[in-house]
Amino acid sequence: MSDPSSLDAGAAPVPAKPVPEWRQYVRFLRNALSQSVEGGWKFYVWMTLLTAVFLVGANAWAVQVRDGMAVTAMSDHVSWGLYIANFTFLVGLAAGGVMMVIPAYLYHDEQMHDIVIIGELLAIAAIVMSIMFVVCDLGRPDRFWHMIPGLGKFNFPVSMLTWDVIVLNGYLIINLHICVYLLYKRFRAQAPDPKMYVPAVLLSIVWAISIHTVTAFLYCGLGGRPFWNTALLAPRFLASAFVSGPAFIIVAIQIIRWQTGRMFGEGAIRTLVGIIRVTILVNLLMVVSEVFVEFYTGGSHTSAAKYLYFGLHGHSELVPWIWTALAFTLVAVLLFLQPGVNRRPVILNTACLLAFVGLWIEKGMGMIIPAFIPSTLHEIVEYRPSLTEWKVTAGIWALGLMIYTLLIKITINVHSRKLRDASGARTVDPEDALSIPSEG
Amino acid sequence: MNDPDPDKPRTPCSGNCSCSGGSPTPSDPIGNPGGSTRRAVLKGIGATLGVAAYAKALAPLTELTQQTSMDEFLQKHYKELTKEELSAVLERLTRETKEQYGADVTIADPKPREGVKFGYALNLSICNGCRKCAEACHLENNHDRPSHQSYIRVFEMTKGSMDFEKGDVHYDHPVPQPDKYYMPVQCQQCEHPPCVDVCPVEATWKEPDGIVVVDYNWCIGCRYCEAACPYHARRFNWQKPEIAAAEINPDQSYLSNRIRPQGVMEKCTFCLHRTRNGRLPACLEACPTGARVFGDLNDPESEIRWVLANKRVFVLKEELGLKPQFFYFFDE
């Protein structure tokens, strides 16, 4: 940095006057955004594909808003469907990102610390997706402002949904703060001030637990829905979240590695596999426990579980779903328990994929829909998502992947010093996992 | 796949390379004017196409403005409307009904009567399952015609069991059947309504006279109340209700039977536009057997109080502790 007092050094191209902080910040945001849409042809193909899928979903949603929710397959009997199923799963995915934060910050796992932002960015993308799924489930999205405290009427603390609004938005803000602050500091080539982000990181750990607990409370607090009305729901949600989150991150690390050509994260993957080995078994134990209570006790409270696993009175729409989920989870368990699975990418990725899809079904279609079948007055009306619902779902997932891709790209650009502040030199820190050497 | 730049060493794409621009000087990609211009043009085309695609995809939303006026969008919660604002809203709703449905209606806002608490009782010994109550509800409350919506579902139950799993709502044969009894179910107007608790925006609440109502213009359509209700009492407007002008019941009120907008919840209101004006609910008037008893629970002389004191009375799903104000009873 040149001395600000040496104003007479007219020949020097370096601006002598220090640039104000806010201008640096604006510059950071502008550069980050503009650089994030630069890329090679593979990047453009990927983003174009995602945009196309997103637009199909956006169009389906627009039609749904215009013509009414009748374009979905939901009914007064099954009043929540694929949207809320995805919402539930995604809250878990967001909470799952914390499984990188805990080893990094509480156990001082250095390797994890270097790339913990991969998990924090996943939390951001997943929360955005989960909020979008709720908005797409609203019959009147134009009245969304009724939920804004102060402006509308916020039924806090009685309605669990208002708790969910608070914890989800809070989690989004906390993670945005952590990520943006750390990236900005790196952009400025300054050491981050622990006071500015470590408390937020610790808060995010507690908060991650809270988002999935509150989301479970949405369902398990309803006395009229015996299938949900179990104290095991929140712990089960958490256990499965700590499978799906790490599973996604393990694959994400490998993709980033392959795209950047830098080997990093071996230790992180080892830790995450170790976590999954425990959580996937805990989750399975809780599923078995629930199934036992349901079926051994019997009675009319078992109807929903019977419908889910074996079909009821000739209705069996969900049976293939849940057995697929169980099969996927079981195979994933066997694969994860293989010794040295983290050194065998094919087995590892297969296991991650199976666990991810298996839990998406188990916590989505397998958790939301059976609570409505049979209905509270024991009528059986089945549900199979309509094309509109599939389109909107694909659209939101595409948008989420787009957001995640761009966030990861910004991060790599910052770490590789492609984005520089006014004074920054273009150097690569060989110790930095997410820094990639620029050509030339 | 053809590699666009085969001479380049196979290092992974780093994001700021010039592979699509075909730059011969990889050391300074930005310094290549030809590549950057071509890239800028391509980007411009891409951005234009993108914006056009977005506009096209979201075009259906613009057709919505015909249905939702700015006044409706900005309307306050029912409880926060001043007298003047409320009459303006009622006037607007009347006008919109004329515009959209071609019917001249009166939309009033009868208030709960001081000291009155409504209760409903139903005699299972004489209900014959004719479903006249459900039909009357359909007509009185201006329900969507194609879906035959009604706030009342009548179950044909098997004698010897109170299990709804053995019941059937879709029966289609002469009634009453000798081995069956009939159980109409509608909103139980719970003392502790879970549907009210879960609503994130206070769009539904319990009135002083015990009726649980919905502000159809405040509801955001999240359907959490529908999931919370153990009696299947709530309905959602999956699309804009269809109803011919000639069939519209013109005697309407804001909190009850006015034609509901698309995408909001609705429910039985004990026909408050009638009962708050001293009349009986439409379902009671339609019942040919006299199975239905409606009245003021606070009035010791009322028929419903006599029923509660002298008949074998029960409520549905009492174990949930929601204290329904809808009672079932048997004759001696």
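Naming: A, B, ... by sequence-line order, numbering from 1 per chain.
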Check your understanding: Which atom pair, heavy atoms only, marks the closest approach of B/Phe236 to A/Gly139?
Key -> CZ-CA, 3.7 Å
Check your understanding: Measuring heavy-atom distances to chain B, does A/His313 have an atom under 4.5 Å in its side chain, in its backbone, in both, or in neither?
Key -> side chain
Study note, to complete from the structure: If one checks every heavy atom of A/Leu161 against chain B at 4.5 Å, the contacting part turns out to be both
Point to revise | Interchain contact, A/Thr48 with chain B, by part (heavy-atom threshold 4.5 Å) | key: neither
Check your understanding: Can you say whether A/Thr72 sits under 4.5 Å from chain B via the side chain, the backbone, both, or neither, judging by heavy atoms?
Key -> side chain
Practice item. Identify the heavy atoms of B/Leu320 and A/Gly223 that sit nearest to each other, and give their distance. Key: CD2-O, 3.4 Å
Check your understanding: Checking A/Phe156 against chain B: side chain, backbone, both or neither under 4.5 Å from a heavy atom?
Key -> neither
Exercise for review: Can you check whether anything in residues 146-157 of chain B gets within less than 4.5 Å of chain A, heavy-atom wise, and list it by number?
Suggested key: B/Gln149, B/Arg153, B/Phe155
Check your understanding: Top residue by heavy-atom pair count (under 4.5 Å) with chain A, among B/His170, B/Lys76, B/Glu226?
Key -> B/Glu226
Exercise for review: Would you sort out whether A/Asp76 and B/Arg234 count as a side-chain contact (heavy atoms from CB on, under 4.5 Å), showing the intermediate values?
Suggested key: CA-CA 8 Å; A/Asp76 282 323; B/Arg234 287 179 167 258; over 6 Å; no
Review point. Tell me, side chain or backbone of A/Trp163 under 4.5 Å from chain B's heavy atoms, or both, or neither?
Key: neither
Check your understanding: Step by step, would you call B/Leu61 with A/Arg66 a side-chain contact (heavy atoms from CB on, under 4.5 Å)?
Key -> CA-CA 6 Å; B/Leu61 291 180; A/Arg66 185 190 64 191; 6.0 Å; no
Review point. Between B/Lys240 and A/Asp67, is there a salt bridge with N-O shorter than 4.0 Å?
Key: no
Check your understanding: Donor-acceptor pair, B/Trp238 side chain versus A/Ala73 backbone, under 3.5 Å?
Key -> no
**Study point:** Test item: B/Arg223 side-chain N/O and A/Asp137 main-chain N/O as donor-acceptor pair under 3.5 Å
**Key:** yes
Exercise for review: Output the option from B/Ala59, B/Cys229, B/Cys199, B/Gly50 having the highest count of non-hydrogen pairs under 4.5 Å with chain A.
Suggested key: B/Cys199
Point to revise | Qualifying residues under side chain to side chain donor-acceptor pair (under 3.5 Å), relative to A/Glu389, sequence neighbours excluded | key: A/Tyr383, A/Ser386
Revision key, fill the gap. Ranked by heavy-atom pairs below 4.5 Å to chain B, first place among A/Ile84, A/Leu138, A/Val63 goes to A/Leu138
Revision key, fill the gap. When the 4.5 angstrom heavy-atom criterion is applied to B/Asn217 and chain A, the contacting part is both
Review point. Quick one: of B/Gly167, B/Ala228, B/Pro200, who has the most non-hydrogen atom pairs under 4.5 Å with chain A?
Key: B/Pro200
Review point. Does the A/Arg140 side chain pair with the main chain of B/Cys219, one donor and one acceptor, at a distance under 3.5 Å?
Key: no
**Study point:** Greatest number of heavy atom pairs closer than 4.5 Å to chain A - which of B/Tyr231, B/Tyr224, B/Tyr54, B/Phe164
**Key:** B/Tyr224
Review point. Side chain, backbone, both or neither: which part of B/Leu74 has a heavy atom under 4.5 Å from chain A?
Key: backbone
Review point. Which region of A/Ile380, side chain (C-beta onward) or backbone (N, CA, C, O), has a non-hydrogen atom less than 4.5 Å from a non-hydrogen atom of chain B, or is it both or neither?
Key: neither
Review point. Pick from B/Glu165, B/Lys166, B/His232: which one makes a side-chain contact (heavy atoms from CB on, under 4.5 Å) with A/His378?
Key: B/Glu165
Practice item. Check whether any side-chain N or O of B/Glu202 sits under 3.5 Å from a backbone N or O of A/Gly152 as a donor-acceptor pair, and report yes or no. Key: no
Practice item. Take atom NE2 of B/His192 as the centre, draw a 6.0 Å sphere, and report whether it contains more than 12 heavy atoms from other residues, nucleotides or ligands. Key: yes
Study note, to complete from the structure: Applied to residues 150-159 of chain A, the side chain to side chain donor-acceptor pair (under 3.5 Å) test, sequence neighbours excluded, yields A/Lys153-B/Glu80
Check your understanding: Among B/Ala53, B/Gly46, B/Ala203, which residue forms the greatest number of heavy-atom pairs with chain A at distances under 4.5 Å?
Key -> B/Ala53
Practice item. Check ring pair (Phe, Tyr, Trp, His ring centres under 6.0 Å) between B/Trp218 and all other residues, then give those that pass, not counting sequence neighbours. Key: A/Trp145, A/His146, B/His77
Check your understanding: Which bit of B/Val185 is near chain A, if near means a heavy-atom gap under 4.5 Å: side chain, backbone, both or neither?
Key -> side chain
Exercise for review: Identify which part of A/Ser79 has an atom lying under 4.5 Å from any heavy atom of chain B, answering side chain, backbone, both or neither.
Suggested key: both
Practice item. With side-chain contact (heavy atoms from CB on, under 4.5 Å) as the test, would you mind laying out the steps for A/Met160 and B/Val198 before giving the verdict? Key: CA-CA 6 Å; A/Met160 288 316 294; B/Val198 299; over 6 Å; no
